[in-house]
There are 2 protein chains.
Amino acid sequence: MLAAVFQVRGLDTREPTLNVLLWQRALDPEQGKWSLPGGQLEDDEDLTSSVRRQLADKVDLRELAHLEQLAVFSDPRRVPGVRTIASTFLGLVPSPATPALPPDTRWHPVNDLPAMAFDHAPMVEHARNRLVAKMSYTNIGFALAPKEFAISTLRDIYSAALGHQVDATNLQRVLERRKVITRTGTTARSGRSGGRPAALFGFTESRYRVTDEFAALRPPG
Amino acid sequence: MLAAVFQVRGLDTREPTLNVLLWQRALDPEQGKWSLPGGQLEDDEDLTSSVRRQLADKVDLRELAHLEQLAVFSDPRRVPGVRTIASTFLGLVPSPATPALPPDTRWHPVNDLPAMAFDHAPMVEHARNRLVAKMSYTNIGFALAPKEFAISTLRDIYSAALGHQVDATNLQRVLERRKVITRTGTTARSGRSGGRPAALFGFTESRYRVTDEFAALRPPG
DNA sequence: GCAAAAGTGTTGATTTTACACCCATGC
DNA sequence: GCATGGGTGTAAAATCAACACTTTTGC
């Protein structure tokens, strides 16, 4: 089991970026290269519990707001030595959280990955593609965003996750029409350089849900 | 490994139906109940090759036009006895094919399943949901349809797969705009009760492709 | 007042459903 | 001719991107 855990980092900078949690191998094979965190399945747990346990134990990460299965990588020669099958997962950590990490573990921007061990690079790519697709037709963004946020913050999160610019105006309208986000009634204070205070929003639900099921071919009526 | 293999059957009747290929257990546990076909992974094959091999060997099925991974079912108590993990697949067989099947193997309508063994019922459900979702935004229908077909036939296939009525007029327009189907130039003969002969179409590509990537939040430009 | 940031209004394009109407064939 | 099924036209609704304009704040 291996998990690609994503977080949008640098929301307070000019360039918020989608990052993935990686771990540097101390030993051969592939010493020095970067791996996805993971480990072996025990006899008395299912895959999801196992991934949560591994992430808590090995990289001290407990703030996962979303975790889902991706694909199984099963090429007989994907790693040297004994035949190993990897079941991969997508995990998401909300943005304000800054979990403490062990020294060999680090966040890396997904658009600038270091040398990756084995077949872990395509795994990250697969996870990113899944995330991008689901940002469009589900409420999965709840797992990357704070509890309360201004639309401009949400725009930064969506931009980083999707990898392209998103218009704040239209983002707000799309998500409000779909009832994905709700106005909380409170407003943020404006920054030191002025500007109108932003209304704050929250995700309506904090459980994964498909919001826009049919791109076409809807049922009649 | 287990595969939910679907085919639309009964296209020449009033009620074309989506069916799944099941196999009746001869021995305990769960004797007499119906199972998804599958088997064990060998050391020198990956999961996809293994599923194709099992289906060819055990139920003599070679006409799979599409095969993709679904989810891994890993509850430690999902089957009695030694702990077993099931990696599930979605397979699709095009409609005119009528593969010969062993005597303990049969097609069953997905809306009227018999008593299912173990956790195989939710597996079929998961596969069906995946199929329905992908019918909307990909060209996956190619794997259920004949090489050449009239729009009304395609409507029957889509209706059966999706589980609701589909308007032939609009189906044609949506799929033509997306360049999923192409007119072949030939026409069918009209039936014994008359009626205008139908123009025939074929799928433009016979490889899986996403045709409508963004429900919203498209990149700018 | 002025700059900065947030929020609203509006327009046009695209996509999609629903349904009325026309076309080609067998008997 | 007329029933039957195929095909086209069209209008109304929904969705969405783009961008100009207005509002509210700090200094």
Side-chain angles (χ1 to χ4, degrees), chain A residues 11-14 16 135-137 148-159 162 164-201 211-221, chain B residues 11-14 16 135-137 148-159 162 164-201 211-221:
Chain A
L11 275 180
D12 45 359
T13 69
R14 268 180 302 285
M135 295 287 286
S136 290
Y137 66 90
E148 256 196 350
F149 47 81
I151 292 294
S152 57
T153 306
L154 192 63
R155 186 231 308 136
D156 291 343
I157 292 171
Y158 270 71
S159 295
L162 292 172
H164 63 74
Q165 289 308 110
V166 174
D167 182 293
T169 299
N170 296 331
L171 179 65
Q172 173 180 349
R173 278 201 271 245
V174 168
L175 296 184
E176 277 192 313
R177 179 160 30 71
R178 294 182 182 169
K179 301 208 192 340
V180 171
I181 59 175
T182 315
R183 202 176 288 255
T184 64
T186 51
T187 55
R189 285 196 298 284
S190 37
R192 38 205 145 291
S193 56
R196 177 172 170 173
L200 294 179
F201 288 76
T211 58
D212 200 40
E213 187 165 11
F214 302 97
L217 309 178
R218 295 186 189 77
Chain B
L11 275 181
D12 44 0
T13 69
R14 270 180 302 285
M135 295 287 285
S136 291
Y137 66 89
E148 255 194 353
F149 48 82
I151 293 294
S152 57
T153 306
L154 192 63
R155 186 232 307 134
D156 291 343
I157 293 171
Y158 272 71
S159 296
L162 292 173
H164 63 76
Q165 289 307 111
V166 174
D167 182 293
T169 300
N170 296 330
L171 180 65
Q172 173 180 349
R173 278 201 270 246
V174 168
L175 296 184
E176 278 193 312
R177 181 161 28 71
R178 295 184 182 169
K179 299 207 193 337
V180 170
I181 60 175
T182 315
R183 204 176 285 255
T184 65
T186 51
T187 54
R189 284 195 300 284
S190 35
R192 34 204 150 290
S193 57
R196 175 172 171 174
L200 294 180
F201 289 77
T211 58
D212 200 39
E213 188 164 11
F214 302 97
L217 310 177
R218 297 187 188 77

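Order of the sequence lines sets the chain letters (A, B, ...), proteins ahead of strands, with each chain counted from 1.
Rounded to a whole Å, the NE2 atom of B/H164 is 11 Å from the P atom of C/dA18. Note: CD (B/Q165) to C1' (C/dC19) measures 16 Å, nearest angstrom. Straight-line distance from the OH atom of B/Y137 to the P atom of C/dT15: 19 Å, rounded to whole Å. Here D/dT15 presents its P atom at 15 Å from CD of A/E176, a figure rounded to the nearest Å. Distance A/I151 CD1 to C/dA4 C1': 18 Å, rounded to the nearest Å. In this structure, B/Y158 atom OH and C/dT16 atom P are separated by 13 Å, rounded to whole Å. Protein atom CG of B/L162 is 15 Å distant from nucleotide atom C1' of C/dT17, rounded to whole Å. Distance, B/E213 CD to C/dT14 C1': 18 Å, rounded to whole Å.
Of the side-chain N and O atoms in B/R178, one or more sit less than 4.0 angstrom from OP1 or OP2 of C/dT16. In terms of phosphate contacts, B/R177 brings a side-chain nitrogen or oxygen within less than 4.0 Å of OP1 or OP2 of C/dT16.
Residues forming a side chain to side chain contact (heavy atoms under 4.5 Å, CB included) with B/R173 (at least two apart in sequence, or on another chain): B/T169, B/N170. Taking the ring pair (Phe, Tyr, Trp, His ring centres under 6.0 Å) definition, one finds that A/Y158 meets it with nothing, sequence neighbours left out. Residues forming a side chain to side chain contact (heavy atoms under 4.5 Å, CB included) with B/V174 (at least two apart in sequence, or on another chain): A/A216, B/R177, B/R178. The side-chain hydrogen bond (donor to acceptor under 3.5 Å, both in side chains) search around B/R155 returns none, not counting sequence neighbours. Annotation: side-chain hydrogen bond (donor to acceptor under 3.5 Å, both in side chains) contacts of B/E148 (sequence neighbours excluded): B/T184, B/T186.
If you check every strand for non-hydrogen atoms under 4.0 Å, A/A150 touches nothing. At the heavy-atom level, B/A199 lies under 4.0 Å from the strands shown only through sugar-phosphate atoms.
Classification of the B/F149-B/F201 ring pair by plane angle, with boundaries at 30° and 60°, yields parallel.
Nearest nucleotide to the A/S152 side chain, out of C/dA6, D/dG7, C/dG7: C/dA6.
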Inset, instruction - Report, as a single string ordered 5' to 3', how protein heavy atoms within less than 4.0 Å touch nucleotides 8-14 of chain D: B base, S sugar-phosphate only, - not at all. - result: BBB----

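Residue whose closest nucleotide on DNA chain D sits further toward the 5' end, between B/P197 and A/D212: B/P197.
Between B/A150 and B/A198, the closest heavy-atom pair is CB-CB, 3.6 Å.
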